[in-house]
4 protein chains.
Amino acid sequence: MQRALNEKAKDKRKSHVLKCAEQIIQEKGLENLSIASVAKKANLAVGTIYLYFPNKEDIIAHLAIKSRKVLLQEFQASTVHLEDSLEKIRGILLAYLDFCKKYTFYYELVSFYESGLGLEESKELLEASKKLTAFTANIIREGKEQGTIRREINEKEFAFLLWGTAVGIAQLIHVKPTLLSAELEKDNDHFYFSYINLIIKSLSY
Amino acid sequence: MQRALNEKAKDKRKSHVLKCAEQIIQEKGLENLSIASVAKKANLAVGTIYLYFPNKEDIIAHLAIKSRKVLLQEFQASTVHLEDSLEKIRGILLAYLDFCKKYTFYYELVSFYESGLGLEESKELLEASKKLTAFTANIIREGKEQGTIRREINEKEFAFLLWGTAVGIAQLIHVKPTLLSAELEKDNDHFYFSYINLIIKSLSY
Amino acid sequence: MQRALNEKAKDKRKSHVLKCAEQIIQEKGLENLSIASVAKKANLAVGTIYLYFPNKEDIIAHLAIKSRKVLLQEFQASTVHLEDSLEKIRGILLAYLDFCKKYTFYYELVSFYESGLGLEESKELLEASKKLTAFTANIIREGKEQGTIRREINEKEFAFLLWGTAVGIAQLIHVKPTLLSAELEKDNDHFYFSYINLIIKSLSY
Amino acid sequence: MQRALNEKAKDKRKSHVLKCAEQIIQEKGLENLSIASVAKKANLAVGTIYLYFPNKEDIIAHLAIKSRKVLLQEFQASTVHLEDSLEKIRGILLAYLDFCKKYTFYYELVSFYESGLGLEESKELLEASKKLTAFTANIIREGKEQGTIRREINEKEFAFLLWGTAVGIAQLIHVKPTLLSAELEKDNDHFYFSYINLIIKSLSY
DNA sequence: TATGAATGAGGATTCATTCAT
DNA sequence: GATGAATGAATCCTCATTCAT
């Protein structure tokens with residue numbers, strides 16, 4: 001009991017630290033995330049951060065996990081009221097666009113996936129990612145049953161295709177927004193909508 | 001008399017340094033690229049590097065430019081013998097796959113696009129990037145004239161869609177190769193082929 | 001629990017670092033003052049220095065401020081027991097001579113006045129300097145009231161004249177002491193006394 | 001004969017290099033004087049500079065010597081048409097003011113006097129300095145003979161007093177020009193004129 | 001648990017000087 | 001004589017991590 005309570009308190013602190021780290025990244029980018037800056041924002045001492053996280057990498061890993069969990073929730077929220085599977089796909093892609101706008105730093109955490117994380121962390125990150133692709137794969141399976149999505153599509157594979165391409169497009173928008181809107185003579189949301197249509201079209205008969 | 005190294009010789013040295021920097025990135029990633037490591041690999045003193053490049057950023061910019069130039073050449077080589085536009089699209093996507101295998105670090109240079117580079121370098125990088133998208137856009141225009149690619153497609157926009165999604169897919173393969181092949185129960189080339197088909201399908205009638 | 005070093009303790013550390021920096025300058029001159037040398041003399045790590053000072057310039061600024069504060073104290077101490085204004089002028093000039101012997105590096109900090117210091121420091125340095133000239137100007141004003149100093153003298157201006165010439169003479173003594181004593185066939189204190197007489201004479205009726 | 005010609009040519013080169021070094025200092029200050037910058041301005045290779053000067057310090061020493069020689073010439077030019085000794089003193093102090101305006105970097109070379117120069121250079125620098133003080137001392141001696149300057153003044157000593165105070169005042173003006181004019185509510189030339197009057201007064205009966 | 005002072009390796013960049021040609 | 005490429009020590013500064021309290 002006592003222990004459980006401690007665990008809870010500990011988790012609260014951990015998520016507080018993570019929230020602060022998130023803010024730092026939002027404000028100054030991943031490469032400017034320093035333990036000192038997190039400690040300052042969290043009103044904690046540097047050493048205290050290390051009571052909750054073994055190292056900086058671990059914080060980033062937790063952030064990556066957390067962001068995937070949040071994203072999953074937004075996927076669910078954005079599809080719960082929809083029937084049509086293609087509309088659900090559109091829903092999660094729009095949710096992802098919103099997510100990227102809100103967490104502009106997110107794309108920086110994607111490439112962090114590989115780093116030498118502790119096994120435990122790595123597993124959790126894996127789980128969170130798998131849930132995301134599983135969620136997508138499930139929509140596709142439903143669509144195939146509904147008859148709105150082509151039967152020959154491999155659900156899991158397409159889920160990864162969707163994940164990979166969406167991240168790529170978001171990154172492109174993030175990294176060269178002005179070039180993009182200048183070249184295409186339309187705003188970047190429109191560009192993203194075109195991407196959604198590309199995906200929808202490739203799913204449809 | 002130690003004559004002024006003619007431009008050719010100087011360029012050779014520069015290329016040598018760039019090649020070494022490339023190797024470092026391949027081995028240890030962009031964030032572990034240090035001037036000292038480049039110097040060591042190039043068998044040069046630290047100061048010598050600065051004889052050829054004003055700063056580290058400039059080296060990265062040159063690498064980004066170089067990679068785009070090489071990529072353009074490979075795009076050209078992979079399409080020169082083809083007639084059908086859709087086949088040409090397949091050609092460049094396959095060329096990009098080969099390119100990514102050869103330059104596994106490449107995706108790290110993509111996000112470097114924006115950084116505060118010197119104007120000249122920045123311009124050159126922009127040019128190199130534009131040539132890549134222009135090359136793709138041109139194939140699509142041809143395809144529309146040939147009647148093999150849907151007329152309602154915006155060439156330039158699709159070129160960016162292709163670029164963004166291809167980078168995303170390559171990154172996904174690079175960052176979690178084992179997860180991917182385990183989950184999909186096939187090798188990652190097959191996954192990439194599915195991506196190509198997705199693109200081809202979305203271009204076709 | 002390692003409590004927050006209270007301000008006093010922190011100030012003690014800062015003073016210690018400053019004292020070490022002073023010694024370095026004494027021994028090797030301002031242009032040979034390096035953070036590494038300070039750290040070594042202070043038995044601290046390089047990074048520790050940066051815990052107390054944001055950068056090297058700030059250390060120099062503090063030294064400049066400190067030296068002016070010390071000088072002001074010595075001005076006060078050397079005049080507190082005197083009545084006659086001209087004697088007070090003689091007093092501060094003698095105090096300055098002692099000061100220069102003790103802090104032989106001082107003249108190097110004079111020309112540092114202008115550098116791009118942080119606003120706060122710069123302001124404090126300005127204040128410290130102004131207090132010095134104000135102190136001198138005040139003595140002159142008193143002397144004019146007493147009738148010992150010529151009424152047509154502009155107090156502030158003369159304070160600056162005194163400051164400028166005293167620094168110049170001290171510098172001359174510092175930079176070519178042997179030449180000076182050899183040429184003049186007397187020791188450099190006598191030379192300085194002549195300087196004092198020059199000033200006194202120009203103040204008197 | 002051949003040798004003499006070579007010597008002449010060599011001297012020409014040397015003074016060309018010195019002139020370029022002077023310009024660099026004028027433009028960017030003594031601490032930004034680099035051999036590379038001198039070489040560039042002189043249209044010479046770095047190594048060539050070292051054919052004429054054993055090291056950077058030597059260049060600076062030559063500059064110090066040269067500036068004193070130029071100053072001596074200007075002292076002579078500014079007094080040649082004058083009879084009265086006090087006017088001559090005023091003349092050389094005005095000449096010094098002009099000199100400082102023209103060679104704004106000059107004060108930086110003063111404190112370089114002491115550095116570990118080669119004996120030969122050091123001796124030449126000494127000679128040049130001595131000529132300056134001798135010139136001043138001579139004027140004072142004349143004045144004493146004329147009856148315009150107080151007989152009890154030690155000529156040589158006063159020459160050094162003049163040199164030391166003039167440098168100090170010039171330095172003060174150079175280092176905090178805005179502070180000075182703001183505090184005194186007059187321009188810095190006026191401040192310098194007050195300095196001249198101080199000197200004249202202390203020389204007169 | 002919590003603190004935050006201390007560490008010190010590591011990174012980018014500069015520049016006087018040398019030396020092979 | 002002349003060149004200029006090459007050197008590498010030196011400098012400032014950062015920051016993840018540790019540890020005594």
Side-chain angles (χ1 to χ4, degrees), chain A residues 6 9-10 13 31-40 42-60, chain B residues 1-6 9-10 13 31-40 42-59, chain C residues 1-6 9-10 13 31-40 42-59, chain D residues 6 9-10 13 31-40 42-60:
Chain A
N6 283 346
K10 198 168 181 176
R13 302 266 198 159
E31 84 270 13
N32 289 311
L33 178 75
S34 72
I35 296 294
S37 64
V38 175
K40 196 178 175 185
N43 276 323
L44 289 171
V46 172
T48 311
I49 304 289
Y50 281 88
L51 293 177
Y52 298 106
F53 300 92
N55 52 43
K56 186 180 160 181
E57 222 168 21
D58 190 68
I59 293 179
I60 298 175
Chain B
M1 209 187 295
Q2 188 177 356
R3 273 279 152 61
L5 249 50
N6 51 38
K10 200 166 183 177
R13 307 275 191 144
E31 83 272 11
N32 289 311
L33 177 75
S34 74
I35 296 293
S37 65
V38 175
K40 197 175 176 185
N43 274 323
L44 288 172
V46 174
T48 310
I49 304 294
Y50 284 88
L51 248 40
Y52 297 103
F53 300 93
N55 51 45
K56 185 179 158 181
E57 219 170 21
D58 191 67
I59 294 179
Chain C
M1 208 186 298
Q2 187 177 354
R3 274 279 151 63
L5 249 51
N6 51 38
K10 199 166 182 177
R13 308 274 191 143
E31 83 272 12
N32 289 312
L33 177 75
S34 73
I35 296 293
S37 65
V38 175
K40 197 176 175 184
N43 274 324
L44 289 172
V46 173
T48 311
I49 304 294
Y50 284 90
L51 248 40
Y52 297 103
F53 301 92
N55 50 47
K56 185 180 158 180
E57 220 169 21
D58 191 67
I59 292 179
Chain D
N6 283 346
K10 197 168 180 177
R13 299 268 197 158
E31 84 269 11
N32 289 312
L33 177 75
S34 73
I35 296 295
S37 65
V38 175
K40 196 177 174 184
N43 275 322
L44 290 172
V46 173
T48 310
I49 304 290
Y50 281 88
L51 293 177
Y52 298 104
F53 300 92
N55 51 44
K56 185 181 163 182
E57 221 168 23
D58 190 67
I59 293 178
I60 298 175

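Just so it is clear: chains get the letters A, B, ... in the order the sequence lines come, proteins before strands, and each one is counted from 1. What's counted below: heavy atoms across the whole structure, side chains too, no hydrogens, waters or symmetry copies.
Mapped onto DNA chain E by nearest heavy atom, D:N32 and B:N32 fall at different nucleotides, with B:N32 at the one closer to the 5' end. Toward the 5' end of DNA chain F, the nearer of the two residues C:I35 and B:V46, judged by each one's closest nucleotide, is B:V46. Comparing B:G47 and C:S34 by the nucleotide of DNA chain F whose heavy atom lies nearest to each, the residue mapping closer to the 5' end is B:G47.
Between B:T48 and F:dT7 there is a side-chain polar atom (N or O) within less than 4.0 angstrom of OP1 or OP2. Between D:R13 and F:dG1, a side-chain N or O to OP1/OP2 separation shorter than 4.0 Å is absent. In terms of phosphate contacts, D:Y52 brings a side-chain nitrogen or oxygen within less than 4.0 Å of OP1 or OP2 of F:dA2.
With contacts defined as side-chain heavy-atom distances shorter than 4.5 Å, the pair D:L44/D:R13 qualifies.
When distances are taken from the side chain of D:K56 to each of F:dG1, E:dT14, E:dT17, the shortest belongs to E:dT17. Ranking F:dT3, E:dT13, E:dT1 by closeness to the D:A45 side chain, first place goes to F:dT3.
Straight-line distance from the CG atom of D:L51 to the C1' atom of E:dT18: 12 Å, rounded to whole Å. Remark: C1' of F:dC13 and CD of C:E57 are 14 Å apart, rounded to the nearest angstrom. One atom, OH of A:Y50, and another, C1' of E:dA5, lie 15 Å apart when rounded to the nearest Å. Look at NZ on A:K40: it is 21 Å from P on E:dA2, rounded to the nearest Å. In this entry the distance linking CD1 of A:I59 with P of F:dC15 reads 15 Å, nearest Å. The distance from atom CD of C:E31 to atom C1' of F:dT11 is 14 Å, rounded to the nearest whole Å. Look at CD1 on D:I49: it is 12 Å from C1' on E:dA16, rounded to the nearest Å. Protein atom CZ of B:F53 is 15 Å distant from nucleotide atom P of E:dT14, rounded to whole Å.
To the nearest 0.5 Å, atom CG of residue D:D58 and atom NZ of residue D:K56 are 13.0 Å apart. Here the NZ-CD1 distance, from B:K40 to B:I49, works out to 13.5 Å after rounding to the nearest 0.5 Å.
As the counterpart of F:dT21, E:dA2 is assigned, both hydrogen-bonding distances of the Watson-Crick or G-U wobble pattern falling under 3.5 Å.
When all heavy atoms of B:S37 and B:N32 are compared, the closest pair comes out as OG-O, 4.2 Å.
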B:F53 and B:I35: CA distance, side-chain angles, deciding distance, side chain to side chain contact (heavy atoms under 4.5 Å, CB included) verdict
CA-CA 11 Å; B:F53 300 93; B:I35 296 293; over 6 Å; no
